[in-house]
Number of protein chains: 2
Amino acid sequence: MHVAEVNQRLVASPVLRQLSVRSVMERLLLDGATSRASLSRVTGLSKQTISEVMLVLTERGWVKESGMISGGVGRTAVRYEIDATAGFALGLDLGASTLRGVLVDISGTIVAQHELAADGQGGQLPAQAKLLKQILLDAAKAPAERLQIATVATPGVMSPQGRLDLAPNLPGIGELDLAGQLRASLDCQVMFENDVNAAALGEYWEAGENADNHFAFISIGTGVGLGILVDGQLLRGSSLAAGEIGYLPLGGDPFAPQSLEQGALESSIGATGILQRFARLGGSAQTVREIFDRLEAGDSAAEQTIDETARIAALLVLTVTSVIDPDRVVFGGNIGGRSELVRRIADWMPKVQKRPIRVEASSLGPRATVMGAAAMSLGQMHNSLFSTLEVPGRLGLPTLRQ
Amino acid sequence: MHVAEVNQRLVASPVLRQLSVRSVMERLLLDGATSRASLSRVTGLSKQTISEVMLVLTERGWVKESGMISGGVGRTAVRYEIDATAGFALGLDLGASTLRGVLVDISGTIVAQHELAADGQGGQLPAQAKLLKQILLDAAKAPAERLQIATVATPGVMSPQGRLDLAPNLPGIGELDLAGQLRASLDCQVMFENDVNAAALGEYWEAGENADNHFAFISIGTGVGLGILVDGQLLRGSSLAAGEIGYLPLGGDPFAPQSLEQGALESSIGATGILQRFARLGGSAQTVREIFDRLEAGDSAAEQTIDETARIAALLVLTVTSVIDPDRVVFGGNIGGRSELVRRIADWMPKVQKRPIRVEASSLGPRATVMGAAAMSLGQMHNSLFSTLEVPGRLGLPTLRQ
DNA sequence: TTCATTCGTCATGCTTACGAACAAATGGGT
DNA sequence: ACCCATTTGTTCGTAAGCATGACGAATGAA
């Protein structure tokens, strides 16, 4: 009878119960398995309320009993934990050369990860994404219907029409209804995110307990990009163009025609710019990786090339810290993630800024983007399941009357 | 009996009732006076819940009856409105030459504004602030105990020790326990804010309904500064240094010793930099205002000076839009607020950035800072009185487990 | 074996909110 | 003048959610 009663109540799922459920799930997600009495102490809710909430959560399948807690003084407690298999979240990174996927369960544990070589044809992306999804679900023995949500990280910006703009490394991709096709292929709720933003979130997530509220991630590879986290939230900007730093007036004349086309900063410290610099100094290389190899071998042109790149990147760090004052700046991407470069950037910093600033190399490397995509999926899954977004936190300012 | 019952209930002021009170106050703040039945329809709460909430609010003095609503079909309704005299919020702008004050009532209406000439001695600030407060309260016939909160906007940054750092225009101010003295003088809750941040908030508030979520305010005067609003909230940065753009590598060699001391951008488009530029071009002027006067008179050195300043300011706009992508950029300050300058900045923009960006002059002028300070006070007063900040909106990410 | 401690349930009461019914007030139509 | 639809706002009964305190159960320590 008690059970039936609770079931009836929760058809409408009123605000107060939502808040209680949310508190309990938050504690379980952050602290792991505990007893009901312990949850009662931590959340401040009464034992009675906790028991009701747990009843609901177990019925819905989000939480399960997981043995007993004994050993201390007093009665043995029933331990509850999140049923990690209750829901899964997918992160995909659709890069120009590699497709990466990470599957996490509801507790935030990575249960599968895999990568595929891109087959070069942009049109194959939806099919390859579907394949990757299936591989990951199979590897984790996760039933497809438990996949709640996927986040797809791509270069460029997903337009409202579902087309991918500003992604020159994925030729022909702008013609497709990529969003629609991916939604169909993945057969779940799909979100899209810029790859640099996702990488920023990935690095932030990976830093875990030490994560700072304000965080900047700078990617240097074929292009340059910036991802910003403010209070743990991605800063996307009014037209989703925050962090599009290719046109920053650094490293070249911003009024030159080429700067207006390709961007002064990107022309200067993007892969092409670095190669050109190396060539001007008398070196010859097909890839930036080769330049780093020469650097290791003691080649002075390579040394000059990388140091000049670091000098301009230091100005970029100065720019970012001046504007948004992050706690630290993390570099990633094929080029930006090289410790030889980051070390030199850090060396340049005192010459342009008195205030010390933490400049670090990405700790996830090429996996940053896919991890961030998974984090986005996970966060969205949690919030859609357990959050109370309809309860607004702060009042806005009233209209000004004068 | 009913009344007594309600009183008892609200001693603890539980979450659910807080939410109801909040909804009602929000509607009253945004929509003005209405009847209870109308509030019931708008908020979705039942009529008698609204009646109970209104009973509480009238007892507490936040809301009062204000006549009847008749004329339509059906019974005449009792109209309720916020009792604007229930609480007042103060905004102060302590500038180097002028002290400005604005007093707003709880509904967001400006009830008094005044300004005083600073007497030059930094040590007199607390006494002058007290005087200003009293003048404003008297002008509005507001009893002192109804003053809930004040926000003091100052140049530089208020250190945790209550001392004002980085404010060279207020000589000797760094020695005082300014925060403590102001708290004592003003005799209410006092918040502190950087003047540029406050001005950004002021402009944002003044834009009212058309306010955009992402907004950047650039101040050019003796120094240069930037205030950023993201989702209507000020972006302050990890060490409260967001928007300290004086050191941006624009308009001068960032590696020059002077740039490390005074900042490349500030040396270039701060007042001193502009005067030096004018002098290099053969002109002579004591103040930037004179240069603008010559500009109007057709002086070509003045024209060149201002245009070069605009050119560098355009690079600053490019920098800000590249990083945070605001919907528009507003210029203010003694120099930045001049339309002759802003027009030239806007003219330079297409030469460095294809994407159009709204560049505008401040509409509040020198009052932007004090208005922003008042807005901060008002917002804080509303949130402390009626908000439910203990109810968190979004779940954070769980710890990464791999 | 006793006892303090802890876990979890039960019964009870308080607070909040809602819906239905109803009284009161009002304008329009006849 | 009268009726009626409409709207406002109150009263009353009911349901939901949570807290409190009592209580049984389980457990380790003395």
Side-chain angles (χ1 to χ4, degrees), chain A residues 1-24 33-58 63 65-80 388 390-391, chain B residues 1-24 33-58 63 65-80 388 390-391:
Chain A
M1 193 205 84
H2 198 179
V3 171
E5 198 181 5
V6 169
N7 268 336
Q8 272 188 348
R9 280 181 204 171
L10 283 198
V11 174
S13 193
V15 177
L16 216 44
R17 173 51 57 91
Q18 275 187 46
L19 290 174
S20 302
V21 167
R22 203 207 98 105
S23 301
V24 169
T34 31
S35 71
R36 278 173 285 183
S38 156
L39 280 170
S40 169
R41 283 189 300 269
V42 174
T43 61
L45 298 169
S46 69
K47 287 193 288 182
Q48 172 70 3
T49 302
I50 297 291
S51 284
E52 283 182 37
V53 168
M54 298 312 272
L55 185 58
V56 175
L57 286 174
T58 43
V63 161
E65 295 187 12
S66 67
M68 305 296 238
I69 301 173
S70 60
V73 163
R75 175 175 163 180
T76 306
V78 179
R79 191 171 69 168
Y80 286 83
T388 53
E390 75 276 15
V391 181
Chain B
M1 191 206 86
H2 198 180
V3 171
E5 199 182 3
V6 169
N7 267 337
Q8 271 187 350
R9 281 180 202 173
L10 282 197
V11 173
S13 192
V15 177
L16 216 45
R17 174 50 60 91
Q18 275 186 43
L19 290 173
S20 302
V21 167
R22 204 206 98 105
S23 303
V24 169
T34 33
S35 71
R36 278 173 285 183
S38 157
L39 281 169
S40 168
R41 283 189 299 269
V42 174
T43 62
L45 298 169
S46 69
K47 283 193 291 182
Q48 70 279 43
T49 300
I50 298 290
S51 283
E52 284 183 34
V53 168
M54 299 310 271
L55 186 57
V56 175
L57 286 173
T58 43
V63 161
E65 295 187 12
S66 67
M68 306 296 238
I69 301 173
S70 60
V73 137
R75 173 174 165 179
T76 306
V78 179
R79 190 171 71 167
Y80 286 83
T388 54
E390 75 276 14
V391 181

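Applying the side-chain contact (heavy atoms from CB on, under 4.5 Å) rule to A:Ser40 yields the partners A:Lys47, A:Ile50; only residues at least two apart in sequence or on another chain are considered. Remark: B:Val42 pairs with B:Arg27, B:Ser38 by the side-chain contact (heavy atoms from CB on, under 4.5 Å) rule, at least two apart or across chains. Checked against side chain to side chain donor-acceptor pair (under 3.5 Å), B:Thr58 has no partners two or more places apart in sequence or in another chain. With sequence neighbours excluded, the residues forming a side chain to side chain donor-acceptor pair (under 3.5 Å) with B:Thr49 are B:Ser46, listed by chain and number. Evaluation of the side chain to side chain donor-acceptor pair (under 3.5 Å) rule for A:Arg75 yields no partner, not counting sequence neighbours.
Considering only the side chain of B:Ala37, D:dG9 comes nearest among D:dG9, D:dC18, C:dA17. Here the side chain of A:Arg17 is nearest to one of D:dT10, D:dT8, D:dG17, namely D:dG17.
The nearest whole Å value for the distance from the CG atom in B:Leu16 to the C1' atom in D:dC18 is 11 Å. Atom CG of B:Leu19 is separated from atom P of C:dT15 by 18 Å (rounded to the nearest Å).
Between the side chain of B:Arg79 and the backbone N or O of B:Gly67 there is no donor-acceptor pair closer than 3.5 Å.
Across all strands, B:Arg79 comes closer than 4.0 Å to no nucleic acid atom at all (heavy-atom distances). A:Leu45 comes within contact range of the sugar-phosphate backbone alone, with a heavy-atom separation under 4.0 Å but no base atom that close.
Not one side-chain nitrogen or oxygen of B:Ser35 sits closer than 4.0 Å to the OP1 or OP2 atom of D:dT7. For A:Arg41, no side-chain nitrogen or oxygen approaches OP1 or OP2 of C:dT6 to under 4.0 Å.
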Next item on the list: At under 4.0 Å between heavy atoms, which parts of nucleotides 20-30 of chain D does protein reach? Answer with one letter per nucleotide, 5' to 3': B base, S sugar-phosphate only, - none.
Entry: B---BBBBS--

